Amino acid sequence: MIDVKSVVATKLEGAGKHYASDLAAMSHEALEATPGGQARAPYDFTYEVVVVNDRMATLLRGEKPGAWPFEGWAVAPDEFRTPKKAIAEIERSIAAAIEAWSALSDDELGREITTSSGSSMTPLDIALMCVQHMGYHDAQLNYVQAMRGDLAVHWE
């Protein structure tokens, strides 16, 4: 029988590792650039990933994350705008999500959680949303890398 909790924890961990590996492969200049002069900078969407991971961990712990903290797109604060800080924050936020997921009992996996937007999700929905959201933005990192001539796969 498949242990859903272990499988999901492994997926969360893998998505976080891939994201951090791609961040580590990029220069500060690449992470702060806005492709085409208008696209979001990788620092900004990476900051969004950290905020979403933290909010999802909060929901999994049965706490209320409050209202979405941004009007429009998330913009990373100045202190976030270094590769070292961005990597550390991705790693911290995914560890928080994994910890919150792993702390759930099997009986809690089917409970309904109401998000700040009013939608209803299960803990599994929330954990998989973290994986999907990181994958979506990691693909953006990969695209920025490719536009800058880096076609390597940086995942371990």
Side-chain angles (χ1 to χ4, degrees), residues 8-104 113-119 121-156:
V8 171
T10 299
K11 295 293 183 191
L12 285 163
E13 182 180 15
K17 282 183 176 182
H18 291 161
Y19 202 103
S21 293
D22 281 319
L23 281 176
M26 298 175 75
S27 68
H28 169 71
E29 292 74 26
L31 291 169
E32 77 174 357
T34 55
Q38 297 179 29
R40 295 173 73 196
Y43 278 136
D44 294 330
F45 60 76
T46 296
Y47 184 67
E48 176 192 310
V49 171
V50 168
V51 170
V52 168
N53 287 349
D54 286 341
R55 291 174 66 82
M56 296 297 106
T58 299
L59 286 169
L60 289 173
R61 289 191 301 269
E63 302 165 4
K64 302 273 185 204
W68 180 246
F70 307 107
E71 298 258 344
W73 295 114
V75 176
D78 289 342
E79 63 270 11
F80 186 90
R81 292 179 174 279
T82 70
K84 184 177 180 177
K85 179 67 171 179
I87 293 165
E89 286 298 302
I90 281 291
E91 290 173 343
R92 181 203 53 74
S93 73
I94 196 60
I98 292 168
E99 181 180 339
W101 168 257
S102 297
L104 294 170
I113 298 171
T114 302
T115 67
S116 60
S117 68
S119 62
M121 301 175 82
T122 67
L124 181 59
D125 294 328
I126 289 168
L128 293 178
M129 185 183 140
C130 280
V131 173
Q132 181 181 19
H133 187 243
M134 278 188 289
Y136 173 87
H137 287 296
D138 193 18
Q140 288 180 303
L141 289 178
N142 288 190
Y143 191 66
V144 170
Q145 290 167 344
M147 287 189 316
R148 297 176 74 84
D150 180 358
L151 302 179
V153 175
H154 300 286
W155 301 350
E156 297 173 5

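Fair warning: this is a prediction, and the values are worked out from it, not measured in the lab.
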Novice: Measure across Met26 and Ala30 and return the closest heavy-atom pair with its distance rounded to 0.1 Å.
Specialist: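 Looks like CE-CB, 4.1 Å.
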Novice: Taking ring pair (Phe, Tyr, Trp, His ring centres under 6.0 Å) as the definition, give me every residue that meets it alongside His133, ordered by chain and number, with sequence neighbours left out.
Specialist: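 Per chain and number, His133 pairs via ring pair (Phe, Tyr, Trp, His ring centres under 6.0 Å) with His137.
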Novice: What residue among Val51, Val52, Leu59 forms side-chain contact (heavy atoms from CB on, under 4.5 Å) with Pro65?
Specialist: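 Answer after filtering Val51, Val52, Leu59: Leu59.
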Novice: List in chain and number order the residues that pass side-chain contact (heavy atoms from CB on, under 4.5 Å) with Thr10, two or more places apart in sequence or in another chain; answer none if no residue qualifies.
Specialist: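 Not a single residue meets the side-chain contact (heavy atoms from CB on, under 4.5 Å) criterion with Thr10.
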Novice: Can you name the nearest heavy-atom pair linking Pro83 to Leu31, along with the distance?
Specialist: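 For Pro83 versus Leu31, the nearest heavy atoms are CG-CD1, 3.9 Å.
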Novice: Taking all atoms of both residues into account, what is the closest heavy-atom pair of Ala127 and Val8, and its distance?
Specialist: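 Minimum heavy-atom contact is CB-CG1, 3.5 Å.
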Novice: Excluding sequence neighbours, so at least two apart, what forms salt bridge (Lys or Arg N to Asp or Glu O under 4.0 Å) with Arg81?
Specialist: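 With neighbours one apart ignored, the set is Asp44.
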Novice: Identify, with sequence neighbours excluded, every residue that meets side chain to side chain donor-acceptor pair (under 3.5 Å) alongside Thr34.
Specialist: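 Side chain to side chain donor-acceptor pair (under 3.5 Å) check on Thr34 returns nothing, list empty.
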Novice: Can you pull out every side-chain hydrogen bond (donor to acceptor under 3.5 Å, both in side chains) where at least one residue sits in residues 90-100? Sequence neighbours excluded, please.
Specialist: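 Qualifying pairs: Asn53-Ser93, Asp54-Arg92, Glu89-Arg92.
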Novice: Sequence neighbours excluded, which residues qualify as side chain to side chain donor-acceptor pair (under 3.5 Å) partners of Ser116?
Specialist: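 For Ser116 the side chain to side chain donor-acceptor pair (under 3.5 Å) partners, ignoring immediate neighbours, are Arg55.
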Novice: To check you understand the geometry: which heavy-atom pair defines the closest contact between Ala74 and Arg40, and what is its length?
Specialist: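 Heavy atoms only, the tightest pair is O-NH2, 3.7 Å.
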Novice: Tell me whether the count of non-hydrogen atoms from other residues, nucleotides or ligands lying under 6.0 Å of CD in Gln132 goes above 12.
Specialist: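 Incorrect, the count does not exceed 12.
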Novice: Pick from Lys64, Met56, Met121: which one makes a side-chain contact (heavy atoms from CB on, under 4.5 Å) with Thr115?
Specialist: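 Exactly one pass, corresponding to Met121.
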Novice: Report the residues that fulfil side-chain contact (heavy atoms from CB on, under 4.5 Å) with Thr114, sequence neighbours left out, ordered by chain and then residue number.
Specialist: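 With sequence neighbours excluded, Thr114 shows a side-chain contact (heavy atoms from CB on, under 4.5 Å) to no residue whatsoever.
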Novice: Scan for salt bridge (charged side-chain N to carboxylate O under 4.0 Å, His left out) pairs involving residues 130-155, sequence neighbours excluded, and state none if there are none.
Specialist: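 Sorted pair list comes back empty.
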Novice: Mind checking what makes ring pair (Phe, Tyr, Trp, His ring centres under 6.0 Å) contact with Phe80, not counting sequence neighbours?
Specialist: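 Phe80: ring pair (Phe, Tyr, Trp, His ring centres under 6.0 Å) contacts with Tyr47.
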Novice: Which residues satisfy the side chain to side chain donor-acceptor pair (under 3.5 Å) test with Tyr43, sequence neighbours excluded?
Specialist: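 Here the qualifying residues are His28.
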Novice: Can you name the residues that form a side chain to side chain donor-acceptor pair (under 3.5 Å) with Thr58, not counting sequence neighbours?
Specialist: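 Result, side chain to side chain donor-acceptor pair (under 3.5 Å) vs Thr58: Arg61.
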